[in-house]
Structure formats: C-alpha cells, structure tokens
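For reference, the structure I am asking about is given below.
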Amino acid sequence: MVARREKLAAIAALGIDPWGQRIDDHTPIAAARAHSGAVVYRFPDGAEVALPSFPDKGPAPEGFDFRAWKAEQNAANGDQKGEVTGPSLRVCGRVVLNRSAGKLVFISLRDMTGDLQLMIGKQQVGDAWAIVEQIDLGDLIACDGTLVRTNTGELTLAAQTVHFLAKSLEPPPEKHHGLVDPEMRQRMRYVDLAYNEGVMPRFLSRSLIVRSIRQSLAERRFVEVEGPTLHSIAGGAAARPFTTHHNALDIDLFLRIALELHLKRLLVGGIERVYEMGRVYRNEGISPRHNPEFTMIELYQAYGDYRSMMDLTEALIIEAIDRLREAGYTPGGDKPYVLPWGDDTIDFTPPFQRRTYDDLFREHAGVDPTDPAAIAEKAKAMGFPLVDETGAPRHPDVLKSEVFEETVEEALRGPIFVIDYPASLCPLTKRKRDNPAVAERFELFINGMELANAYTELNDPDLQEELFRSQLTGMSDEESMAKMDEDFVRALRHGMPPTGGLGIGIDRLVMLLTNSQTIRDVILFPLLRPEK
RNA sequence: GAGCCCGUAGCUCAGUCGGUAGAGCAUCGGACUUUUAAUCCGUGGGUCGUGGGUUCGAGUCCCACCGGGCUCACCA
C-alpha cells in the first residue's frame with residue numbers, strides 16, 4: 001500500500017491528476033466486443049481479407065496458428081505484409097489483470113458490461129508509457145486504440161494512448177480465488193462486485209427483474225404509489241416490528257411490516273389498480289431466506305379476485321424470465337423456462353400447477369382435512385401441543401396449519417399454487433360464498449419456499465372489525481395479525497370494491513431466477529453486525 | 001436463543017506429537033514488443049481474532065469473550 005501511494009505521487013509528478021476527470025465518448029466493453037466483425041486483415045494496397053472465425057472471448061483454440069494464416073494470406077496477395085486492423089474506439093474500466101512482457105503490456109480491463117484485453121506497447125503510446133509504468137491492479141484507466149486480434153486470435157484493443165482516471169490505494173483480492181469469506185463479500189460488496197465472477201450479472205439481473213415487473217404492471221394499467229414506512233400500527237401481516245420514535249410528536253412508531261392496509265385505503269379512494277414495490281422491516285431471525293429488511297411488492301386490482309391474481313402472478317414471472325433471456329442471463333434453448341437451481345432445475349413452464357389446500361393435505365399428511373379429531377391426533381403424533389400455555393385448547397385450524405407446514409410445504413417442488421385456505425387463518429380474506437370455512441387465498445410455492453400470496457380481499461367493514469377484535473386461541477399477540485386499525489375499518493365503511501390482492505417476495509423471486517441459494521446473495525448490503 | 005465448525009501475511013490457504021512462522025497470488029528489484037491465472041531470477045512482509053490459564057516452552061491444550069459460517073428455533 002506504501003508502493004501505491006508512491007505511484008500516486010509519481011503520477012502527480014508527471015503533471016497528471018491521479019484522480020482523473022470527466023472523459024467522454026467511451027464505448028462500453030460489450031459494445032466494443034460487438035464490433036469484432038469489423039476487424040480485418042488489410043494489405044498496403046488497400047485489399048482486405050476477413051479474419052477466420054474466433055471464439056467470443058480469450059485466445060483461439062489450441063492448435064490454431066494465426067501467424068501461419070497471416071503468412072498464407074501474405075503469400076496469396078503478392079507477398080505484401082498485411083496488418084490486422086479494426087475500428088478506433090475508447091474504453092474505460094478497472095485493471096483486473098496485468099501481464100507485462102517488457103516494453104509490451106497486456107491488461108485485462110473490466111467495466112460493467114465485461115472484460116477486454118488491452119495491448120500497450122512502449123513505442124506505440126510514446127509519452128503515455130510513463131503512465132503505464134505506474135499502473136497497479138485495481139486502477140481505473142481509459143484507453144484509446146484500435147480493435148485488433150493478437151497473434152493468438154484474442155480480440156484486443158491496441159493502445160494509441162492511455163488516460164489515468166483513478167488510483168486504487170487498496171490491493172485487490174487474490175486473483176485466482178477472489179474474496180471468499182461471505183462476511184467480507186457482504187461487508188465489502190464493492191470488492192465482491194468488482195472482482196468476483198457472477199456477482200455483477202446477478203445484481204444486474206435483479207435490476208432487470210424489478211424493471212420487468214414494473215413494465216408488466218404498467219402495461220396492465222397499474223399505478224405505482226409510495227405508502228408510509230413509518231406506521232403507528234404495524235398491521236397487514238403477523239410479524240414483530242422494529243420500533244422507533246418521533247421526537248417532535250413524542251410518539252413511538254413502527255417500521256412497516258407490510259404494505260397492505262394503505263394500498264387498500266387507496267382502492268377506497270378510487271385507484272383501481274394500485275401497487276407498491278418497496279422495503280418492509282421485520283424484527284425477526286436471520287436465515288438463508290430471511291433478512292430483517294426485504295423487498296416486496298403488493299398489488300391490488302379492483303373488480304378482480306384471487307383467480308385474477310393467479311394469472312397475473314404467472315405472467316409477471318414468465319415475463320421477467322423473458323427479459324432475462326433477452327439479456328442473455330438465462331440459457332434459453334428448447335426449454336427457456338427451465339432454470340438451473342443448484343445441481344437441479346426448476347421448471348417455470350406455464351401454466352403452473354393449481355391444487356387445493358385440502359387436496360394436498362389429504363395427499364401428504366394422509367389425514368381427512370375435514371375431520372378435526374383426526375387432525376388433532378396427527379398433530380399430537382407429530383409432537384405439536386394441543387393446548388396453549390394457559391391450558392386452553394388450540395384452534396383446530398392452527399393445528400391443521402402446523403401439520404400442513406410440516407408435511408406438505410417441504411414436499412412442494414413447484415411452481416404450484418396452493419389454493420383455498422382455512423378461513424380462520426386469513427382474517428383479511430373473503431370467504432367462499434358456498435363455504436365460509438374456506439378463504440379465497442392462494443400461496444405460490446417453489447422449492448418449499450413461499451414466493452407469493454394472494455387473496456380475494458375482505459371488503460365488509462363490520463366483518464373486518466370483528467376479525468380484528470377476535471384473537472385466535474393458540475396464537476400469541478405478536479403472531480396474530482388481528483391488530484385493530486380503526487381508520488382502516490372506517491375506510492372500508494366508505495366502500496372498497498371487490499378486489500384481488502397479491503404479494504410477492506422480490507428477494508426470493510430474484511433468488512429463484514438467478515440460482516442464488518441465500519437471500520444474502522441477492523441483497524447488496526444485508527444486515528451485518530457493525531465492524532469491531 | 002441452542003448445537004456444531006471456523007478465525008494464521010493485503011488475499012487464498014498449509015502448519016504433524018506442544019519445541020525457531022510457511023506456500024501461492026499480490027508487493028518490491030531485474031529480464032522480456034503478441035501475453036492468456038504469462039514466464040524466469042531475486043526481495044520484503046506476521047499482535048497466529050481478543051483476554052486469561054496450564055506448561056521450561058502455546059498458532060497448537062483449557063476457559064471466557066468478540067466476529068463469522070452451517071443446522072435448528074423464530075418467521076404470511
């Protein structure tokens with residue numbers, strides 16, 4: 001690091017600002033690569049010969065002799081000596097590898113779109129050679145040059161001059177392995193992004209997925225809004241909230257745990273198709289699938305129901321995969337919706353399977369879903385308590401839910417829509433007209449992960465109020481989502497249309513579409529303890 | 001919150017039975033105008049996570065703490 005500061009001073013001594021300045025008209029490296037077809041073999045008399053076909057990246061395969069090819073061409077064109085030449089352009093980026101062969105240096109330059117080799121010769125760049133001598137791994141430079149192929153066939157920018165843009169005073173990680181300690185990768189995400197393979201495409205994919213969802217919804221006339229993140233009642237979900245305090249008002253506030261109740265108020269207000277994609281905060285454990293702050297989208301469609309939401313969910317996912325494929329982030333091919341997942345794959349080919357809760361319960365738990373006594377027996381056999389701390393019997397649907405989560409959810413490879421949940425578990429949901437014990441709700445499961453959750457929304461203010469007041473036996477205060485919100489009930493009394501509502505965990509969706517096994521791989525800066 | 005595992009050079013990792021702290025990459029010096037994790041010759045680099053204990057002697061054994069990972073618990 002001392003050496004780097006000495007080079008910093010050496011660059012300044014050349015009269016060059018080691019922290020650079022604005023530089024215009026550079027070509028992104030991926031775009032520069034796209035010009036490879038314009039690289040030709042040109043003779044002094046002006047004749048041009050197209051080059052043989054080469055791999056997209058790196059040197060030609062073993063055994064291919066480009067020099068011999070050029071010698072043949074020279075002989076075939078009257079013993080002229082040809083030259084490989086192509087378009088002139090400028091690239092900017094970070095020096096990630098540096099191979100010096102004396103007065104000729106090869107540099108691998110990286111920008112957001114990819115890597116390109118630079119070839120810098122002392123004789124060719126003249127005065128700029130003094131800069132080249134001070135370049136360290138990690139420095140940011142720009143290079144003006146001609147796109148060529150080297151003797152080994154690798155697409156390369158042959159430098160005419162070099163501009164210094166910024167010094168890296170910290171050494172990069174080891175070049176074979178990069179940073180491997182997961183904590184360091186998350187803490188120093190800038191290093192992870194800059195040097196570790198696969199990290200940049202993963203986060204660029206995340207951006208594409210988010211953009212695709214916004215685009216899909218815009219095409220369907222959905223309006224994006226921003227609700228408050230500071231709530232006086234942490235409603236809309238069952239989770240422990242973070243608490244904070246407003247000084248001037250001297251009131252305690254909660255960071256939101258869901259988006260739901262404010263979006264529904266907007267339905268009352270007449271925004272018939274409304275959504276918010278944003279951060280929610282839950283003061284709970286951390287795991288490969290849980291970060292205390294995460295991104296979700298909730299959307300509501302007036303005059304729809306949960307079945308409308310199933311079609312929409314499928315469309316949002318499929319269209320996102322289409323966008324990823326167009327950008328080259330998923331393989332495509334014969335089965336473009338079969339995506340890799342670890343050593344396995346997930347088949348997103350539509351339509352996704354749709355099964356009722358009770359069907360799956362009967363199939364996987366082996367118990368009649370309409371027989372509370374049999375369910376209680378099964379729950380007991382699985383070790384779930386039948387009474388709560390006070391000795392009161394726990395609600396049959398709570399037991400059913402525990403058996404379901406234990407026996408069914410793990411078995412769901414998916415994508416599969418689980419539909420028609422026990423109504424008592426879903427206090428914000430409309431019940432089926434012909435069976436009030438069943439709620440019009442689905443959850444989308446993929447690989448045992450809950451990815452989406454949707455309802456036909458409850459819009460009866462009196463029933464809503466009653467449900468807010470009733471505590472299910474066997475559920476603690478924190479577990480329950482029955483938190484009275486007087487203003488929300490008042491809003492419903494003004495009239496909310498029949499509505500389909502949907503929530504999707506964006507981080508989990510990104511995990512599934514980018515083959516990332518932990519949520520921390522798709523969140524740029526996951527929560528960590530402070531350093532030291 | 002519980003169990004198991006990890007913490008050694010800037011980075012990636014060895015370190016045997018408790019006996020002088022090691023390698024590769026990176027750095028620094030030298031050779032090299034078509035390299036491909038370039039190569040070759042030479043060089044410097046350490047509070048072994050922190051604190052205590054056992055011992056003639058601790059990177060190594062014991063205890064506590066700090067940080068992390070995995071599994072579980074919690075978790076619409």
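What you see is a predicted model, and the numbers here were worked out from it, not measured in a lab.
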Determine the interatomic distance between P on B:C6 and the same-named atom on B:A14; round to the nearest Å. 11 Å
With respect to the phosphate group of B:C28, does any side-chain polar atom (N or O) of A:K7 fall under 4.0 Å of OP1 or OP2? yes
Mind checking the C1' distance from B:G57 to B:U20? Whole angstroms is fine. 12 Å
Starting at atom CZ of A:R187, determine the distance to atom P of B:C11, rounded to an integer number of angstrom. 14 Å
Could you check how far CD of A:E6 sits from C1' of B:U27, rounded to whole Å? 11 Å
Would you mind reading off the distance between A:W129 atom CH2 and B:C32 atom P, rounded to a whole angstrom? 12 Å
Classify A:I504 by what it touches in the nucleic acid, base, sugar-phosphate, or nothing, heavy-atom distance under 4.0 Å. nothing
Determine the Euclidean distance between corresponding C1' atoms of B:A37 and B:U12; express it in Å to zero decimal places. 13 Å
Is a side-chain donor or acceptor of A:R33 paired with a backbone partner of A:D56 at a separation under 3.5 angstrom? yes
Here the distance between atom P of B:U71 and atom CD of A:Q517, to the nearest Å, is 11 Å
Can you tell me the base-pairing partner of B:A64? Count Watson-Crick or G-U wobble geometry only, both distances below 3.5 Å, and say none if there is no partner. B:U50
What's the gap between B:G22 and B:G44 when it is taken at their C1' atoms, as a whole Å value? 15 Å
May I ask you to say whether A:D139 pairs ionically with A:K7, meaning some side-chain N is under 4.0 Å from a carboxylate O? no
Of A:K122 and A:G58, the one whose closest RNA chain B nucleotide lies more 5': A:K122
Who does B:U16 pair with, Watson-Crick or G-U, both distances under 3.5 Å? none
I'd like to know if A:K400 pairs up with A:D358 as an ion pair, taking the criterion as any Lys NZ or Arg NE/NH1/NH2 lying under 4.0 Å from an Asp or Glu carboxylate oxygen. yes
Tell me: CG of A:L137 to P of B:G10, nearest whole Å? 17 Å
Between A:R4 and A:S168, is there a donor-acceptor pair closer than 3.5 Å when you use the side chain of the first and the backbone of the second? yes
Contacts of A:N196 meeting side chain to side chain contact (heavy atoms under 4.5 Å, CB included) (sequence neighbours excluded), chain-then-number -> A:L179, A:R185, A:D192, A:V199
With A:F525, which residues qualify under ring pair (Phe, Tyr, Trp, His ring centres under 6.0 Å), at least two apart? none
NA contact type, A:G503, heavy-atom cut-off 4.0 Å: base, sugar-phosphate, or nothing? nothing
What integer number of Å spans the C1' atoms of B:G10 and B:U16? 28 Å
Using a heavy-atom cut-off of 4.0 Å across all strands, would you classify A:E443 as base, sugar-phosphate, or nothing? nothing
Send over the distance from A:F64 CZ to B:U34 C1', rounded to a whole Å. 14 Å
Is the base of B:C25 touched by the side chain of A:H176 through a donor-acceptor pair closer than 3.5 angstrom? no
Can you pull every protein N or O that's under 3.5 Å from an N or O on nucleotides 38-41 of chain B?
{"unit_1": "B:A38", "atom_1": "OP1", "unit_2": "A:K175", "atom_2": "NZ", "d": "2.8"}
{"unit_1": "B:A38", "atom_1": "OP2", "unit_2": "A:R99", "atom_2": "NH1", "d": "2.8"}
{"unit_1": "B:A38", "atom_1": "N7", "unit_2": "A:S100", "atom_2": "O", "d": "3.2"}
{"unit_1": "B:A38", "atom_1": "N6", "unit_2": "A:S100", "atom_2": "O", "d": "2.7"}

With rounding to whole Å, what would you report as the distance between B:G59 and B:G19 at their C1' atoms? 13 Å
Who are the salt bridge (Lys or Arg N to Asp or Glu O under 4.0 Å) partners of A:K432, not counting sequence neighbours? A:D420
Testing B:G69, B:U35, B:C28 for proximity to the side chain of A:P182, the answer is B:G69
A:N291 atom CG is separated from B:C75 atom P, nearest whole Å, by 18 Å
G-U wobble or Watson-Crick pairing nucleotide for B:C25 (cut-off 3.5 Å, both distances): B:G10
Nearest listed nucleotide, side chain of A:S287, among B:A73, B:G69, B:C28: B:A73
Comparing A:V180 and A:G121 on RNA chain B - which has the more 5′ nearest nucleotide: A:V180
Value in whole Å for how far the P atom of B:G7 lies from CG of A:D181: 11 Å
P atom, B:G52 versus B:A73: distance in rounded Å? 40 Å
Kindly say whether A:E450 contributes a backbone atom to a donor-acceptor pair with the side chain of A:R508 at under 3.5 angstrom? yes
Would you classify A:R282 as touching base, sugar-phosphate or nothing, given that sugar-phosphate means primed atoms plus P, OP1 and OP2, and contacts are heavy atoms under 4.0 Å? sugar-phosphate
Holding to ring pair (Phe, Tyr, Trp, His ring centres under 6.0 Å), I want the full list of residues that pass it with A:F352, two or more places apart in sequence or in another chain. A:F417
Quick one: list whatever passes ring pair (Phe, Tyr, Trp, His ring centres under 6.0 Å) with A:Y357, sequence neighbours left out. A:F404, A:Y421
When you measure only distances, ignoring hydrogens and angles, does the side chain of A:Q117 come within 3.5 Å of the base of B:U35 through a donor and an acceptor? yes
C1' gap between B:G3 and B:C11, integer Å: 32 Å
Answer with base, sugar-phosphate or nothing: what part of the nucleic acid does A:P172 contact at a heavy-atom distance below 4.0 Å? nothing
